2 protein chains.
Amino acid sequence: MSKRKISIEDIARKAGVSHTTVSRALRDSPLISPKVREEIKQLAREMGYVPNGIAQSLQTQKTNTIGVVVTSIADPFFAEVVEGIEQIARSSGLSVLLSTSHRNVEQEIAAIDNFYRRRVDGILVADSRINTNHTQQIGQIATPTVFINSQTANQPESFHSVRIDDYLGARLAVQHLVSLGHTSIGYLGVGDRSLSNQLRQEGYQTVLSEANLPQIDDWIAIREEDNTRTSDVVTGQQMLPQLVKAGVTSVFCYNDMVAVGALLACKKLGISVPQDLSLVGFDGIALGGYITPPLTTIRQPMLEIGRVAMQMLLDLLQDKTVENRVLSPYLIERGSTARK
Amino acid sequence: MSKRKISIEDIARKAGVSHTTVSRALRDSPLISPKVREEIKQLAREMGYVPNGIAQSLQTQKTNTIGVVVTSIADPFFAEVVEGIEQIARSSGLSVLLSTSHRNVEQEIAAIDNFYRRRVDGILVADSRINTNHTQQIGQIATPTVFINSQTANQPESFHSVRIDDYLGARLAVQHLVSLGHTSIGYLGVGDRSLSNQLRQEGYQTVLSEANLPQIDDWIAIREEDNTRTSDVVTGQQMLPQLVKAGVTSVFCYNDMVAVGALLACKKLGISVPQDLSLVGFDGIALGGYITPPLTTIRQPMLEIGRVAMQMLLDLLQDKTVENRVLSPYLIERGSTARK
DNA sequence: CTGAAAGCGCTAACAG
DNA sequence: CTGTTAGCGCTTTCAG
């Protein structure tokens, strides 16, 4: 219970030197004689000195902090992305300020504004909804910023980003289904993640075209309302029946949570997966491997997405030129798909 | 792309007043005439002024930031706890600095030290390993700190904490099994979470005693190595067989992930749950409801744990006196347990 | 090698 | 109501 926090001045007084000398000694400046340097360091240790990072930041104009905005921490997808971010950040001496947007532009902007006031060195935004119109609102992004899987259609030129190739992922999923002999393939999507849903749907449709397979409107079900990813399960549960009624023998789901919901619905309806119906998810969250049957899915390397984004930000902070990255997802074949 | 960030001095110059006036006007001081106040605010807006939080913090000695240490963000349990923390923090104008400890005391202390340097207003630590010996190392905790489900046996008097009642939870789990007619009940635990594992094991044993049921050494399996919670699944998978071999008809698992592993092992061994073997988990993570059969478990109100801990910290920051909290878990009966 | 002085951007006495 | 002056705790010229 030390009453007042001690400063370099306190140490200086006790050591009979100037606070400048203490400052230098503590940071191993070559300007200080080894002898006094050690003395001062020892004294600082004894006195329980802890440098004031705020004062340092004010002076150096660096906070060694980055801000991260995700839609929700409880979302297993983003949890892992953040884990990847944190790993790289910490190994570079940066701390992470975390905020949530709940897929809401206002909250997203509020979070970024807050980061801006706190003078974070850089910002990472996942699933961003920001578009060119908002651009000016958010302090013209003087702070280096990297977007992860941005949902913005018309991204300003200046944006840095890393994203998964949604289109490719969808193709892999549907091609897998086609290769198993399925000819009536449905798509179960979500309306609140405009860009990625659109790209996945396009991938789906393209593969059907290429394979000369029928494209029926009723084979596509999009849940329009806004959801948190957790309730994606509910989306899957509610939307699956109509797809089954429309006669599909397989369904490509927007993501794993939707697929889980679809699977739950199947159990309830007495439809066995994969015998009666094949299901493919997207994301590759751990959960998918634990359910019965284990879920065939398109895996996004979540940890890597986080790491790559953070690394990109690090490069930006060192004024390196960076190139936007598009990572490739890949198929994980498990038990929820079978030959027709 | 504004080159240099503008300060209140810049505004003052342009407005022909002193920077003090600007400072006051911006913060709605009643000392400023309404007229100039509005003028200044307008000017600030036009100039795109964003107050420098660092400078404010240095002056006011408050950072409006709290530090949170969890073992892993990708752990669904902590992810939800953090979500709860963030909710309350944000609604109180506080930002969250997040760090991970990976169940490692050194990393935990490093994280806390870092928070200390950054002069966070308060600290939240989940699953802490810190004991009295470390107490002095971490800057004698001059910063208000609340521990969540601390794993420390001999907690210093001065610690503030919120924890789940592990002992009660274990009792509920085993009593449930007993009430279903089970007489040979096993416990599958983990060795790297000393306190909570110990309490759950005690609860288990007490109920067996009270019910005059046999207590066989081989019915208790504890995985000693350190794990991340994710690999708790592996623990369950590896340890279950020996319990089955020892002849149990039901198993109380340390947590849901362990139970998931146990379930996976059962599938592999051709043991059907719950017909041949009943399984009870602990935590109540979402995943448990999606697997087959859905997991009977002891639920910890994770979101609430986070909220309560954060609220306690808030109270501490306002110098209110707080009482340590012990929250009660409860049984969620689902499909993994059945009458013997 | 060391110290004096300035200043990072803001808030808060203390005068007028 | 407004301005002057310190000062939060540190780093960084600039002189010795």
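Chain A is the first sequence line, chain B the second, and so forth, proteins listed ahead of strands; every chain is numbered from 1. Bear in mind the structure is a predicted one, so any value in this text is a computation, not a measurement.
- A search for side chain to side chain contact (heavy atoms under 4.5 Å, CB included) contacts involving B:Ser33 returns B:Lys35, B:Val36, not counting sequence neighbours.
- With sequence neighbours excluded, the residues forming a side-chain hydrogen bond (donor to acceptor under 3.5 Å, both in side chains) with B:Gln42 are B:Arg45, B:Glu46, listed by chain and number.
- Of the residues in residues 34-45 of chain A, those with a non-hydrogen atom less than 4.0 angstrom from any atom of DNA chain C are A:Val36.
- Here A:Glu108 pairs with A:Ser128 under the side-chain hydrogen bond (donor to acceptor under 3.5 Å, both in side chains) rule; sequence neighbours left out.
- In terms of the side-chain hydrogen bond (donor to acceptor under 3.5 Å, both in side chains) criterion, B:Asn52 has no residue partners (sequence neighbours excluded).
- Here the P atom of nucleotide D:dC1 and the CG atom of B:Asp28 are 14 Å apart, to the nearest Å.
- B:Arg163 is linked by a salt bridge (Lys or Arg N to Asp or Glu O under 4.0 Å) to B:Asp166, counting only residues two or more places apart in sequence or in another chain.
- If you measure from atom CZ of B:Arg13 to atom P of D:dG3, you get 14 Å, rounded to the nearest angstrom.
- Between its two ends, the helix from C:dC1-D:dG16 to C:dG16-D:dC1 turns its axis by 40°, counting five pairs per end and rounding to 10 degrees.
- Contact annotation: B:Thr21 side-chain N/O to D:dG3 OP1/OP2 distance is under 4.0 Å.
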Would you give me the side-chain donor-acceptor pairs under 3.5 Å for residues 316-327 of chain A, sequence neighbours excluded?
residue	atom	partner	partner atom	Å
A:Asn324	OD1	A:Ser161	N	3.0
A:Asn324	ND2	A:Phe159	O	3.4

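- When the salt bridge (Lys or Arg N to Asp or Glu O under 4.0 Å) test is applied to B:Arg90, the partners found at least two apart in sequence or on another chain are B:Glu86.
- Under the rule for a side-chain hydrogen bond (donor to acceptor under 3.5 Å, both in side chains), A:Gln56 has no partner lying at least two apart in sequence or in another chain.
- Side chain of A:Asn149 to backbone of A:Ala126: no donor-acceptor contact under 3.5 angstrom is found.
- Distance check, rounded to the nearest 0.5 Å: CD1 of A:Ile54 to OG1 of B:Thr65 gives 7.0 Å.
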Each nucleotide of nucleotides 10-16 of chain C classed B (base within 4.0 Å of a protein heavy atom), S (only sugar-phosphate) or -, in 5' to 3' order, makes BBBB---
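- In this structure A:Gln151 satisfies the side chain to side chain contact (heavy atoms under 4.5 Å, CB included) test together with A:Asp127, A:Arg129, A:Arg193, A:Ser194, A:Leu195, A:Ser196, sequence neighbours excluded.
- Atom CG of A:Leu58 is separated from atom P of D:dT12 by 13 Å (rounded to the nearest Å).
- Of the candidate nucleotides D:dT2, C:dG3, C:dT2, D:dT2 has the atom nearest to the side chain of B:Ser33.
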